[in-house]
Amino acid sequence: MRRSRAFIPTTKEAPSDAVLASHIYLSRAGFIHQVASGLYSYMPLAKRVIKKIENIINEEMAKVGAEEVELSFVTPASLWQESGRIDKFGKELLRFKDRKENLFVLGPTHEEMMVDLVRNRITSYKQLPINLYQIKTKFRDEARPRFGLMRGREFIMKDGYSFHAYEEDLDREFSAMERAYKRILTRLGLDFRVVEADSGAIGGSGSKELMVLANSGEDTIAVCDKCEYGANIEAATRGAVEIPEAPEALFNKFQTSETSSIEDLAEFFKIDPYYTVKCVAKKLVFEEDSEVVLFFLRGSDNLQEVKALNATGALEITDVTAQELEELGLETGYIGPLDQDRAKHVIDSDLKNATNMVCGANEKDYHFVGVDLSIISEVAYFADISEVHEGDSCPHCDGKLSFTKGIEVGHIFKLGTTYSEALKAEFLDENGKAKPFIMGTYGMGVSRLVAAVIEQHHDDSGCIWTKETAPYMVNIMISNIKEVTQVELGEALYTRLIESGVETMLDDRKERFGFKMKDAELIGFPYTIIIGKELVNGNVQIFDRKTKEKISVDKNEIYEKIMELL
RNA sequence: CGGGGUGUAGCUCAGUAUGGUUAGAGUACCUGGUUUGGGACCAGGGGGCCGAAGGUUCGAGUCCUUUCACCCCGACCA
């Protein structure tokens, strides 16, 4: 492509709302243009990058035997009613009616559509397994779109779905897909981590997220410093702690005025908060109603709300007001798990057999000491509801957990029969018995990957595309368009590279050296061949975007040299 | 959805408290000239329903009402 003819509107200034590097540079370098909140147009450079990523995905999907399809973007709301997700998905689903007053939604994900496509077409175990995917624009009416391509309302996603007759076959496919996803991210040149995760509103198990490591990531992930373990903070667990010697005490009720906080309580008894029981009261919203639920944890721990949701099966978790607690007869600061009959409660599994604990006596100004929680271990409801801390031990080895930020670019999980049952998608097994498909689902954010690459590969001058993602590999810069010898060499080299299949840009604009260099750095071509003042000595230079180094090359060897580098 | 902010040239922003020439700057764009290794310089030029609608006034970018959009913090987010 000739730069003089290309549509690449670069600017010196970024849109005022751009915060992330990817948003700033993709805007400034003329890749994307925002048209409305969370909606972006892709200009030629972005389109090329997207195609590259799609090609890599297609290649890797072909290797594992997945087939590409394309489902309609506008989907009938009736399918969403059938699965029951029309209410669960909420306002993120953009709904509208056609001229005949039929209700439709813009697809935010395509479980229903894919199950509908397969049901009654795949009818025998002999036809299984199959794995179908598409790369398609999705729409989620996010309450608050932000960060450019990172969290748009309209975005491109690769979504795949596999159908199986047996659990073991799903397990096999799931592993194969995990490997394929890792290969994709590796080829894209990304530093990433596969972590255990919560499966969210779609439901399912064996959930894993593929996280591109970047400080700007919206997710916090806990990773082990010794083994491969990594998990989203929403799902992270920790190894059993060596229970330190508890200060022994006989069971007793103690007057503890002015100690409604864990801090005060620990100070009062001169013990570590680890030996205290804290109560976190939350209001849980269920499909029909809502109610206050008490969560008991060690004083040293914090409630992990996603875990709390999973433990209770609620849809949403919100704060409670002091008034609501009062109405239930709960004494703030002195709520304890013993004889707790005022509200439903969940106790952190870490407390299951804890002894010598201090907890609220459900009476103002009184706490129990020397509490042995094992006495209620048979009757109370225990679940993992605490959030791991940095420095906690790894659940799989003797390493320590540390936190890092990640961008969720992929999410794979085992759906099981949730959707096939809801949509009555069944096949006949060897015994002629009808069974729902066992499904897996595999998502990867294509447009988000474009942003993720830049989040991980940029500097103060702009984008630094990796070899597999670069919109053009080589930029030939003719320093002074009035110098005939420079133009001649540039044109000849351009033609030769194009003929060799190299994606090449020829900067043939009548601009000054500095202007063109800044522009090339902003766009981020991996290599720029500078044909300039050294040509009188028979030399040109290769500028490496990543290192910003320029190396001189004899003009007669430049073709071979650049081909070597690619 | 709660709280806050901003809408003026393609982009970044002045001007609005106290209404009053033809609405400004930088950048980008066009023409001519000089320049040619790190976003040049000089001269000239084009570009605006001052987010929209209504109102107050002799007069509104500026005051009032309504509305829309966008952004930030939070809630939410397969």
Side-chain angles (χ1 to χ4, degrees), chain A residues 9-19 23-24 27-30 33-39 83 85 88-93 107-112 138-148 150-153 155 157-161 197-204 207-210 218-219 232 234 283 285 305-306 309 315-319 408-413 415 418-419 441-445 448 461-462 477-483 486 509-523 528 530-536 539-541 543 548 550 552:
Chain A
T10 57
T11 59
K12 229 181 225 181
E13 285 184 280
S16 55
D17 55 293
V19 195
H23 190 185
I24 292 170
S27 300
R28 281 191 52 205
H33 171 247
Q34 180 175 0
V35 280
S37 181
L39 305 181
S83 72
R85 274 212 294 184
K88 207 167 182 181
F89 227 93
K91 288 189 178 170
E92 276 192 34
L93 260 189
T109 173
H110 281 173
E111 280 77 11
E112 287 85 350
K138 300 284 186 287
F139 190 91
R140 289 183 193 174
D141 201 357
E142 293 271 355
R144 196 174 157 218
R146 61 191 122 168
F147 304 141
M150 206 64 91
R151 182 172 292 285
R153 290 144 95 200
F155 57 98
M157 181 168 86
K158 175 264 167 181
D159 53 324
Y161 308 86
D198 177 63
S199 54
I202 278 185
S207 173
K208 286 190 179 178
E209 287 170 339
L210 287 98
E218 293 185 81
D219 290 287
N232 191 307
E234 296 173 351
K283 188 168 182 175
V285 183
E305 297 197 357
V306 173
L309 272 183
L315 297 176
E316 202 182 325
I317 188 164
T318 61
D319 290 338
E408 181 193 345
V409 295
H411 197 167
I412 58 177
F413 46 97
L415 274 181
T418 317
Y419 291 90
T441 179
Y442 319 95
M444 185 167 260
R448 182 178 278 185
S461 308
M477 192 196 92
I478 299 169
S479 179
N480 187 345
I481 208 76
K482 287 184 183 169
E483 291 286 340
Q486 290 186 15
R509 291 174 300 173
K510 184 177 171 292
E511 295 286 352
R512 293 162 63 91
F513 179 84
F515 182 90
K516 290 194 202 181
M517 279 303 287
K518 291 281 188 200
D519 208 54
E521 285 175 351
L522 180 60
I523 293 169
T528 291
I530 302 168
I531 299 176
K533 67 178 184 184
E534 281 196 35
L535 191 58
V536 291
N539 285 335
V540 296
Q541 289 162 307
F543 173 76
K548 287 200 169 185
K550 290 175 196 159
S552 279

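Values below: every heavy atom of this structure, side chains too, minus hydrogens, waters and symmetry copies. To find a chain, count down the sequence lines: A is the first, B the second, and so on, and within it residues start at 1.
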Where do Lys548(A) and Ser461(A) land on the side chain to side chain donor-acceptor pair (under 3.5 Å) test, with the steps shown first?
CA-CA 10 Å; Lys548(A) 287 200 169 185; Ser461(A) 308; 2.6 Å; yes
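Within 3.5 Å, no donor on the side chain of Glu13(A) pairs with an acceptor on the base of G39(B), nor the reverse. In terms of polar N and O atoms assigned as donor or acceptor, the side chain of Lys12(A) never comes within less than 3.5 Å of the base of U12(B) in a complementary pairing. Residue Lys516(A) places no side-chain atom within donor-acceptor reach of the base of G37(B), judged by atom type and a 3.5 Å distance cut-off alone. Side chain Glu511(A) to base G39(B): no donor-acceptor pair is found below 3.5 Å. A donor-acceptor contact under 3.5 Å is formed by the side chain of Arg151(A) with the base of C77(B).
Of the two residues near RNA chain B, Asp17(A) and Thr318(A), the one whose nearest nucleotide lies more 5' is Asp17(A). Nearest-nucleotide mapping onto RNA chain B: of Gln541(A) and Val35(A), the residue sitting toward the 5' end is Gln541(A).
The pairing partner recorded for A9(B) is none, the criterion being a Watson-Crick or G-U wobble arrangement whose two distances lie under 3.5 angstrom. Base-pair partner of G2(B): C73(B) (Watson-Crick or G-U wobble, both distances under 3.5 Å). The partner of G54(B), taking Watson-Crick or G-U wobble pairs whose two distances both stay under 3.5 Å, is C64(B). Using the Watson-Crick or G-U wobble rule with both distances under 3.5 Å, G44(B) pairs with C30(B).
Taking the P atoms as reference points, G37(B) lies 23 Å from A43(B), given to the whole Å. Annotation: C71(B) and C63(B) have their P atoms spaced 25 Å apart (nearest Å). Spacing of P atoms, C41(B) relative to U35(B), comes out at 16 Å, to the nearest Å. Rounded to the nearest Å, the gap between the C1' atom of C70(B) and that of U8(B) is 15 Å.
Atom C1' of nucleotide C77(B) and atom CZ of Arg85(A) are separated by 14 Å, given to the nearest angstrom. When rounded to the nearest whole Å, the span between CZ of Phe155(A) and C1' of C77(B) equals 10 Å. Nucleotide A40(B) holds its P atom 10 Å from the NZ atom of Lys518(A), rounded to whole Å. Distance Phe89(A) CZ to C77(B) P: 10 Å, rounded to the nearest Å. Between the CG atom of Leu535(A) and the P atom of U36(B) there is a distance of 17 Å, rounded to whole Å. Straight-line distance from the NZ atom of Lys510(A) to the P atom of U36(B): 12 Å, rounded to whole Å. Nucleotide U35(B) holds its C1' atom 16 Å from the CZ atom of Phe513(A), rounded to whole Å. For the pair Met150(A) CE and C71(B) C1', the interatomic distance rounds to 18 Å; values are reported in whole Å.
The pair Arg151(A)-Glu142(A) meets the salt-bridge criterion, with a side-chain N (NZ, NE, NH1 or NH2) lying under 4.0 Å from an Asp/Glu carboxylate O. Between Asp17(A) and Arg146(A) there is no salt bridge, since no side-chain nitrogen of the basic residue lies less than 4.0 Å from a carboxylate oxygen of the acidic one. Ion pair Glu111(A)/Arg85(A) flagged as a salt bridge, since at least one NZ, NE, NH1 or NH2 atom sits closer than 4.0 Å to an Asp/Glu carboxylate oxygen.
Here Glu534(A) lies in heavy-atom contact (under 4.0 Å) with a base.
Relative to the side chain of Glu521(A), the nucleotides G38(B), C13(B), C72(B) differ in distance, and G38(B) lies closest. Closest approach to the Lys482(A) side chain among U36(B), C72(B), G37(B) is made by U36(B) (side chain taken as heavy atoms from C-beta onward). Distances were taken from every side-chain heavy atom of Arg512(A) (C-beta onward) to each of U36(B), C76(B), C70(B); the shortest belongs to U36(B). Of the listed nucleotides (C70(B), U12(B), C76(B)), C70(B) has the atom at the smallest distance from the side chain of Ala36(A). The listed nucleotides are C77(B), C72(B), C71(B); the one nearest the side chain of Glu142(A) is C77(B).
Per the stacking criterion (ring centres < 5.5 Å, plane angle < 30°), Phe515(A) does not stack onto the base of G39(B).
Regarding the sugar-base torsion, A17(B) falls in the syn class, its angle being within 90° of 0.
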